[in-house]
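Here is the structure we will look at.
Every value quoted in this text rests on a predicted model; they were computed, and no experiment measured them. For reference, positions follow the sequence shown, starting with 1. Basis for what follows: all heavy atoms, side chains included, without hydrogens, waters or symmetry-related copies.
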Amino acid sequence: GEGPGQALGHEESVNVLALGISDDAVDAVTVVTFNPQAEIIAAVAVPADTGLGDAAGEPRLLRDVYAEEGLRAMVRAVEDILQVPIHHTVQVDFDGFVALVDLLDGVEVDVETEIVYRNGAGETVFQLEPGVHRLTGEEALLYLRYKGDHLEDESRRVQRQWRFLTAVAHHAREKLD
């Protein structure tokens with residue numbers, strides 16, 4: 001089958017770099033590709049703390065590229081990492097995201113596995129059991145930012161984000177009708 005890198009590099013694909021911004025810093029980096037001919041939509045999360053070398057060989061993180069050099073440099077860095085062109089960018093401010101979800105009176109999600117979000121001290125600050133939940137803006141942000149404890153949880157997080165964004169779009173359309 002066709003892997004995400006192949007789908008992202010397909011000639012007819014349109015690749016969108018989506019950045020989650022918090023306090024003027026990049027917190028989430030995702031590339032979404034749309035290919036209407038092949039009816040493919042794929043998403044690849046690139047951890048913001050991905051290590052990069054610069055021309056002098058000094059280590060730095062992907063998030064530093066955005067902070068120090070801005071959006072254009074961030075696009076070039078992601079293109080280099082994934083070896084695909086970025087056609088468009090979207091920047092989402094987390095405060096605006098929280099306000100949007102609250103404006104919609106929350107968004108309903110089907111939680112597949114338990115989510116336990118802990119702060120730096122290891123204290124539980126947010127927890128969801130499997131099942132259907134209506135999340136407030138703050139809850140939704142924690143739900144989407146949750147990484148889990150295992151390597152495979154990053155792909156689960158991307159799936160959660162995709163399902164949530166689909167739910168937001170559906171809920172917003174219902175509110176407009």
Next on the checklist: Determine whether Val111 and Tyr143 satisfy the following criterion, side chain to side chain contact (heavy atoms under 4.5 Å, CB included), listing intermediate values before the conclusion.
Outcome noted: CA-CA 9 Å; Val111 177; Tyr143 170 77; 4.0 Å; yes
Checklist outcome for this item: Hits for side chain to side chain contact (heavy atoms under 4.5 Å, CB included) against Ala48, two or more places apart or cross-chain, chain-then-number order -> Val26, Val29, Arg63
Checklist outcome for this item: Those residues at least two apart in sequence (or on a different chain) that pass side chain to side chain contact (heavy atoms under 4.5 Å, CB included) with Val90 are Val16, Val92
Checklist entry - Just by modelled atom types, is the Thr33 backbone N or O under 3.5 Å from a matching donor or acceptor in the Asn15 side chain? => result no
Next on the checklist: What I want to check is whether the side chains of Gln91 and Tyr66 have a donor and an acceptor closer together than 3.5 Å.
Outcome noted: yes
Checklist outcome for this item: Minimal heavy-atom distance between Val14 and His88, with the atoms involved, is CG1-CD2, 3.5 Å
Checklist entry - What residues form a salt bridge (charged side-chain N to carboxylate O under 4.0 Å, His left out) with Asp49, not counting sequence neighbours? => result none
Checklist entry - Do you know the tightest heavy-atom contact between Arg134 and Gly106? => result NH1-O, 3.0 Å
Item to check | Interatomic distance, Leu52 atom CG to Asp80 atom CG [nearest 0.5 angstrom] | outcome: 9.0 Å
Item to check | Counterpart residues, side-chain hydrogen bond (donor to acceptor under 3.5 Å, both in side chains), relative to Asp105 (two or more places apart) | outcome: Lys175
Item to check | Of all pairs that satisfy side chain to side chain donor-acceptor pair (under 3.5 Å), the ones with a partner from residues 122-133, not counting sequence neighbours | outcome: Glu114-Gln127, Arg118-Thr124, Asn119-Glu123, Gln127-Glu129
Checklist outcome for this item: Residues at least two apart in sequence or cross-chain that pass side-chain hydrogen bond (donor to acceptor under 3.5 Å, both in side chains) with Glu79, listed by chain then number, are none
Checklist entry - Is any side-chain heavy atom of Thr89 less than 4.5 Å from a side-chain heavy atom of Leu19? => result no
Counting only pairs under 3.5 Å, give me each side-chain donor-acceptor contact of residues 93-102, with atom names and distances, residues two or more places apart or in other chains.
| unit_1 | atom_1 | unit_2 | atom_2 | d |
| --- | --- | --- | --- | --- |
| Asp93 | OD1 | Asp95 | N | 2.9 |
| Asp93 | OD1 | Gly96 | N | 2.9 |
| Asp102 | OD1 | Gly137 | N | 2.7 |

Item to check | Cluster link Val125 to Val116, ILVMFWY, side chain under 4.5 Å | outcome: no
Item to check | From Leu141 atom CG to Phe126 atom CZ, the distance as rounded to the nearest 0.5 Å | outcome: 10.0 Å
Item to check | Ala73: partners by side chain to side chain contact (heavy atoms under 4.5 Å, CB included), with sequence neighbours left out | outcome: Val65, Glu69, Arg76
Checklist entry - Quick one: does Val109's side chain get under 4.5 Å of Val132's, heavy atoms only? => result no
Checklist entry - Roughly how far, to the nearest 0.5 Å, is the CD1 atom of Ile81 from the CG atom of Leu62? => result 4.5 Å
Checklist entry - Can you name the side chain to side chain contact (heavy atoms under 4.5 Å, CB included) partners of Glu68, sequence neighbours left out? => result Arg60, Asp64
Next on the checklist: Applying side-chain hydrogen bond (donor to acceptor under 3.5 Å, both in side chains), can you list everything that pairs with Asp110, at least two apart in sequence or on another chain?
Outcome noted: none
Checklist entry - Any side-chain heavy-atom pair from Val44 and Thr30 closer than 4.5 angstrom? => result no
Checklist entry - Do you know the tightest heavy-atom contact between Ser13 and His87? => result O-CE1, 3.4 Å
Checklist outcome for this item: Across all chains, not counting sequence neighbours, the side-chain hydrogen bond (donor to acceptor under 3.5 Å, both in side chains) partners of Thr136 are Glu139
Item to check | Thr50 and Leu61, any side-chain heavy atoms less than 4.5 Å apart | outcome: no
Checklist entry - Taking atom CG of Asp27 and atom CG of Leu144, what is their separation to the nearest 0.5 Å? => result 11.0 Å
